[in-house]
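Since the structure comes first, as structure tokens, the remarks are kept for the end.
Counting convention: from 1, in listed order, for ligands and their atoms alike.
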Amino acid sequence: MLELRGVNVFYGAVQALREVSLRVDEGEIVTLIGANGAGKSTTLMAISGIVPPRRGEILFEGRPIHGLAPDRIVRLGLCQVPEGRRIFPELTVAENLDMGAFLRRDRQGIERDREELYELFPILHQRRHQPGGNLSGGEQQMLAISRALMARPRLIMLDEPSMGLAPIIVKGIFEEIRKLRDAGNTILLVEQNARAALRIADRGYVIETGQMVLEGTSEELLNNNDVQRAYLGKDYKSISD
Ligand code: ATP
């Protein structure tokens, strides 16, 4: 469904991605794990058209999308949930969801999707008339994900949904993400929390200083000595060390 081939991204003279290649098939959760500053968010921003690649190709359902404007990419069905749960704190939960459907005109479909999300996340239904800013961190993350789903994306990209959340809340969020995949969604999940991400993902990639260093099924990565030492243990050391 999505393929990156030899993507290079620069911020001015600084190269943030080097020959990055990855693939996401329909119905999968694919996770991209790596440390702070490894290039995870940049990968998502390159796909979304926010920082276009200087070299390389990005194909979505067989069609090149590198060079398209971000709004065109969203219209094709690629939606990103940014790091840090950027919901609209002053708007109600229901209004936040409506913002996700901004590009849609099918009123009945919008209502149906909103009801489905309320069924999936009953807390959002209970709080639908309250300002988004009143929700807890975990609830805001669910709202941010739900808002993106209101756009009916073909593929959803999540940037560190576990960030700043307590472990017990992270567990709940990851269970919900797994449910979304089981309901037929395709998900690219960027995470520093490698263990939680690999537990729900089908496949994964490891990125270090802008380069892919490993890829495999989640089971292969969870059992890989280098991954265990670098990302699943207590002491951090990069794989290339
Ligand atoms: P984090 O988990 O901290 O968000 P990340 O893996 O998502 O890390 P990126 O945010 O993609 O990493 O950053 C990759 C590299 O690009 C880093 O070295 C970072 O300092 C650099 N970088 C990111 N944004 C910019 C920018 N706007 N201008 C210059 N350099 C940037």
Side-chain angles (χ1 to χ4, degrees), residues 2-24 29-58 65-66 69-70 73 78-87 137-138 140-141 144-145 148 155-167 169-170 173-174 177 187-201 203-216 218 221 224 226-227 229-241:
L2 175 71
E3 192 173 1
L4 275 66
R5 293 183 189 156
V7 166
N8 288 266
V9 168
F10 291 77
Y11 292 110
V14 178
Q15 187 162 9
L17 296 184
R18 287 169 198 276
E19 301 295 324
V20 163
S21 295
L22 77 83
R23 194 187 89 239
V24 182
I29 297 179
V30 171
T31 186
L32 174 60
I33 59 176
N36 243 329
K40 305 181 298 298
S41 300
T42 302
T43 304
L44 294 194
M45 291 198 289
I47 298 167
S48 296
I50 298 163
V51 283
R54 192 177 290 181
R55 242 190 5 254
E57 288 183 315
I58 304 178
I65 58 165
H66 48 275
I73 294 174
L78 257 165
C79 233
Q80 182 176 348
V81 180
E83 200 176 285
R85 307 184 280 281
R86 287 192 223 132
I87 57 150
Q140 287 188 23
Q141 184 62 62
I145 294 172
L155 189 152
I156 184 163
M157 300 187 283
L158 306 177
D159 197 351
E160 297 212 23
S162 78
M163 195 172 70
L165 300 177
I169 310 291
V170 171
I173 296 276
F174 278 69
I177 296 171
I187 299 163
L188 175 57
L189 168 65
V190 154
E191 259 301 333
Q192 274 196 56
N193 188 338
R195 191 184 300 274
L198 288 171
R199 277 193 179 142
I200 61 160
R203 293 187 300 111
Y205 294 82
V206 182
I207 187 167
E208 286 185 354
T209 53
Q211 295 184 76
M212 292 300 189
V213 291
L214 260 184
E215 66 171 281
S218 296
L221 293 177
N224 179 291
D226 289 334
V227 173
R229 181 174 48 82
Y231 297 100
L232 304 175
K234 288 194 176 116
D235 305 318
Y236 174 74
K237 252 180 125 194
S238 74
I239 285 178
S240 31
D241 282 345

Q) Does the side chain of T31 come under 3.5 Å of the side chain of E191 through a donor N or O and an acceptor N or O? A) no
Can you tell me which residue and heavy atom of the protein come closest to [atom], and the distance to 0.1 Å?
{"atom": "atom 13 (O) of ligand 1", "result": "T42 OG1, 3.7 Å"}
{"atom": "atom 3 (O) of ligand 1", "result": "N36 OD1, 2.4 Å"}
{"atom": "atom 4 (O) of ligand 1", "result": "E83 OE1, 3.2 Å"}
{"atom": "atom 29 (C) of ligand 1", "result": "Y11 CB, 3.4 Å"}
{"atom": "atom 14 (C) of ligand 1", "result": "G37 O, 3.4 Å"}

Q: State whether any protein heavy atom lies less than 4.0 Å from atom 24 (N) of ligand 1.
A: yes
Q: Would you verify that at least one protein heavy atom lies under 4.0 Å from atom 31 (C) of ligand 1, or report that none does?
A: yes
Q: Show the numbers, then the answer: is there a salt bridge (Lys or Arg N to Asp or Glu O under 4.0 Å) between E160 and K40?
A: CA-CA 9 Å; E160 297 212 23; K40 305 181 298 298; 3.8 Å; yes
Q. Which one holds for E160 and ligand 1: side chain close, backbone close, both close, or neither close, with close meaning a heavy atom under 4.0 Å?
A. side chain
Q: Would you mind reporting whether L188 and I47 have side-chain heavy atoms less than 4.5 Å apart?
A: yes
Q: Give a yes/no verdict on whether any heavy atom in G34 is under 4.0 Å from an atom of ligand 1.
A: no
